[in-house]
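Everything numeric in this text was worked out from a predicted model, so none of it was measured. Numbers for residues simply follow the sequence, beginning at 1.
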Amino acid sequence: MAGGAREVLTLQLGHFAGFVGAHWWNQQDAALGRATDAKESPGELCPDVLYRTGRTLHGQDTYTPRLILMDLKGSLSSLKEEGGLYRDKQLDAAIAWQGKLTTHKEELCPKNPYLQDFLSAEGVLSSDGVWRVKSIPNGKCSPPLTTATTPKPLIPTEASIRVWSDFLRVHLHPRSICMIQKYNHDGEAGRLEAFGQGESVLKEPKYQEELEDRLHFYVEECDYLQGFQILCDLHDGFSGVGAKAAELLQDEYSGRGIITWGLLPGPYHRGEAQRNIYRLLNTAFGLVHLTAHSSLVCPLSLGGSLGLRPEPPVNFPYLHYDATLPFHCSAILATALDTVTVPYRLCSSPVSMVHLADMLSFCGKKVVTAGATIPFPLAPGQSLPDSLMQFGGATPWTPLSACGEPSGTRCFAQSVVLRGIDRACHTSQLTPGTPPPSSLHACTTGEEVLAQYLQQQQPRVMSSSHLLLTPCRVAPPYPHLFSSCSPQVESIPVFGALCSSSSLHQTLEALARDLTKLDLRRWASFMDAGVEHDDVAELLQELQSLAQCYHGGDSLVD
C-alpha cells in the first residue's frame, strides 16, 4: 500500500451493522479526494488504512473498502451479492459455454429512487450490462455526487429506506458480501434470533470456509496489517456470529488488534416480551464472548439502557432525530465511529489498534464506553477555549453506550478526538496586555488547549488526545438532522471520546441482575438454539467478574 499504510480489515455483521456501515462508508467516500482549502489540512487521515486498490476485468482501477459483510437472505434489496464493478456471472458463463443456454430470471427488487439518481449521476451502464465507473482522479476519488443535470443534492427520503443497501453509495468488491441463506431477513419465520444460532452459523464448514477464504484474500495482500474492526449487532443472533468471528481472528491472527463495536438499534418497548428477553440474553452473551476474544469492545447505542428496563433515547442539543428510524440512529453512531477511530487511521504519528486497546483496557477493563458532541458547538467569533469553557465542569459529550449518564462516575483512561475546528479558532486572540480569562486562553496551540482542558476535567486520568482540522462529512445521503430551516450541511466538527469508566460497573451488574430474574424454562426456544443452563451460570459469573474490574480502583496516574 502507498506510504506503508497500516491496513485495517472491517467485518460488518448484521443488518443494523449494515446501516451503520453504509453511513460509515458513505462518509469515507465523501472525504476521498475532496478539494482542500485553508481551513482543512490535506492528508491528515490515510484512506489506505480502510481501502484497497484493484482492477476490474476491463482494466479500470478501483478503490473499494477492505470489507467483509454478512447479512441474511432478503436483506440486499436491489444490490447484487457480487457488487456492481465486475462482469455479471451469467455473462461470463455465456462466454465460456458454447452450447445452448437457458436463462431463468427472478423478479428483481425495484431499485431505490435515490440510488437510481445516484447511479445516473455517477457512471454508465453499458450495452453489455456491465457497470462502468467514471474515471477516478488519482485512482482514489469517487466522482462528484451531482452533475450539471442534477444540481440539487440527492437525498433519500426516510420512507424510501427499507434496508441499508437503499442508501449505500459506495461500490463494493465482489468478495465483500457473504449472505447467510439459511435465515430470513423479513417475516416472522426463519429468523436469526438467538446467540446460539449465530455461533452455529460459523461452526458450519460452508460459512466458516467462506469467511476464512475472504479473510485470506484481503489479509494476504496487506503489507502492514494492524488489525480488524468488527461492527456487530448485539441484540440478535449476530452476537453469536460476531463472537465466533472474533475467536477465529484471535486464533489465526494472533498479535493483531481486534476492536469490536457492539451495535444496538434505537429504543424498545415493554410489550415485546420475547424480543426484549432475547435482546438481553444476546447482549449479555455477546459482550462476554466478544470481550474474551477482542482487544477492546465498545457497545454503541442511542438507547438509555442495556438492561430490561426501557430508558428514553439520548438527547443531542443540536440534532433533531427520530430514534425509531435505523436510518437516523445509524447515521449518528457512524459519525461518532468516524471520529473515535481517528487515532489508528492517521497519516502521521498514528496510534496502532493494539496500542489504543492497551492504553484503555489495563487491568482487564476491555469494555469501554463512547461519547460524542455532534456537532461541536463553536459560535461565530468564538475560540476553542471559549467553547470549552462553556461546558463548565460537565462532561462535554453525549453518552453513546447505553450505560447511563457519565456524571459522577470515574474515568480510568480515555482517548479523545476533536475534529473540524478552523486553525484560526484554536487559541484565544487576546489583545496584548489583556489578562487571559482562564488558563485555556493562555495556551499557544490548539493541542495545548485540548490537553489542558482534559487535565482540568480529569486530573488523574491517562488521556490521549488528537486535534484535527478535517471535519466529519455529512453530505447526502446523510439524513437532514441539523435543522429544519438551515440548508443541507456538508461537514461538521465533532468531539468524541472512548473511556474506560466506572459506569460499566453498574451497567454490567445490572445486566447480571436482570439475567438472574429470568425463568429460563419460559425461554426454551433460546436454549434450544444451542445454549445450555451451565452456559448461563458461567455467563453470570463472567459478567460479575467483568463488572468488578470497574469497581473502585484508580486511574493509571496517581
Would you please name every residue forming a side-chain contact (heavy atoms from CB on, under 4.5 Å) with Leu540, sequence neighbours left out?
-> Ala512, Leu515, Thr516
Mark yes or no for whether Ser176, through its side chain, and Leu172, through its backbone, hold a donor-acceptor pair below 3.5 Å.
-> no
Tyr321 and Pro313, any side-chain heavy atoms less than 4.5 Å apart | yes
Donor-acceptor contact present, side-chain Arg214 to main-chain Arg175, <3.5 Å | yes
Between Thr335 and Gln27, is a side-chain hydrogen bond (donor to acceptor under 3.5 Å, both in side chains) present by the stated rule, with each step listed?
-> CA-CA 8 Å; Thr335 301; Gln27 288 177 315; 3.1 Å; yes
Can any side-chain N or O of Asp48 pair as donor or acceptor with the backbone N or O of Ala5 at less than 3.5 Å?
-> no
Across all chains, not counting sequence neighbours, the side-chain contact (heavy atoms from CB on, under 4.5 Å) partners of Asp71 are His15, Ser75, Trp164, Met179, Phe238
Gln28 and Asp338: side-chain donor and acceptor closer than 3.5 Å?
-> yes
Answer yes or no on whether Lys365 is positioned over the face of Phe412, meaning its NZ or CZ is under 6.0 Å from the six-membered ring centre and within 45° of the axis.
-> yes
Kindly indicate whether the side chain of Val354, heavy atoms from C-beta on, has any atom under 4.5 Å from the side chain of Arg256.
-> no
For residues 532-544, pull every pair meeting side chain to side chain donor-acceptor pair (under 3.5 Å), keeping only residues two or more places apart or in separate chains.
-> none
Taking it one step at a time, do Gln226 and Ser352 satisfy side-chain hydrogen bond (donor to acceptor under 3.5 Å, both in side chains)?
-> CA-CA 7 Å; Gln226 62 168 309; Ser352 71; 5.3 Å; no
State plainly whether the residues Glu204 and Lys182 are in salt-bridge range, i.e. N to O under 4.0 Å.
-> yes
With sequence neighbours left out, what residues match Val342 under side-chain contact (heavy atoms from CB on, under 4.5 Å)?
-> Leu45, Arg345, Leu346, Val417, Arg419, Leu468
When you measure from the side chain of Gln457 to the backbone N and O of Tyr453, does any donor-acceptor pair fall under 3.5 Å?
-> no
Considering residues at least two apart in sequence or located in another chain, which fulfil the side-chain contact (heavy atoms from CB on, under 4.5 Å) criterion with Gln208?
-> Glu212, Leu248
Is the number of heavy atoms from other residues, nucleotides or ligands within 6.0 Å of CZ (Phe217) greater than 12?
-> yes
Between Tyr253 and Phe228, what is the ring plane arrangement, given parallel below 30°, perpendicular above 60°, and tilted in between?
-> tilted
State which residues pass side-chain hydrogen bond (donor to acceptor under 3.5 Å, both in side chains) with Gln12; sequence neighbours excluded, sorted by chain then number.
-> Trp25
Taking the side chain as every heavy atom from C-beta outward, state whether Thr291 and Thr260 have any atom pair closer than 4.5 Å.
-> no
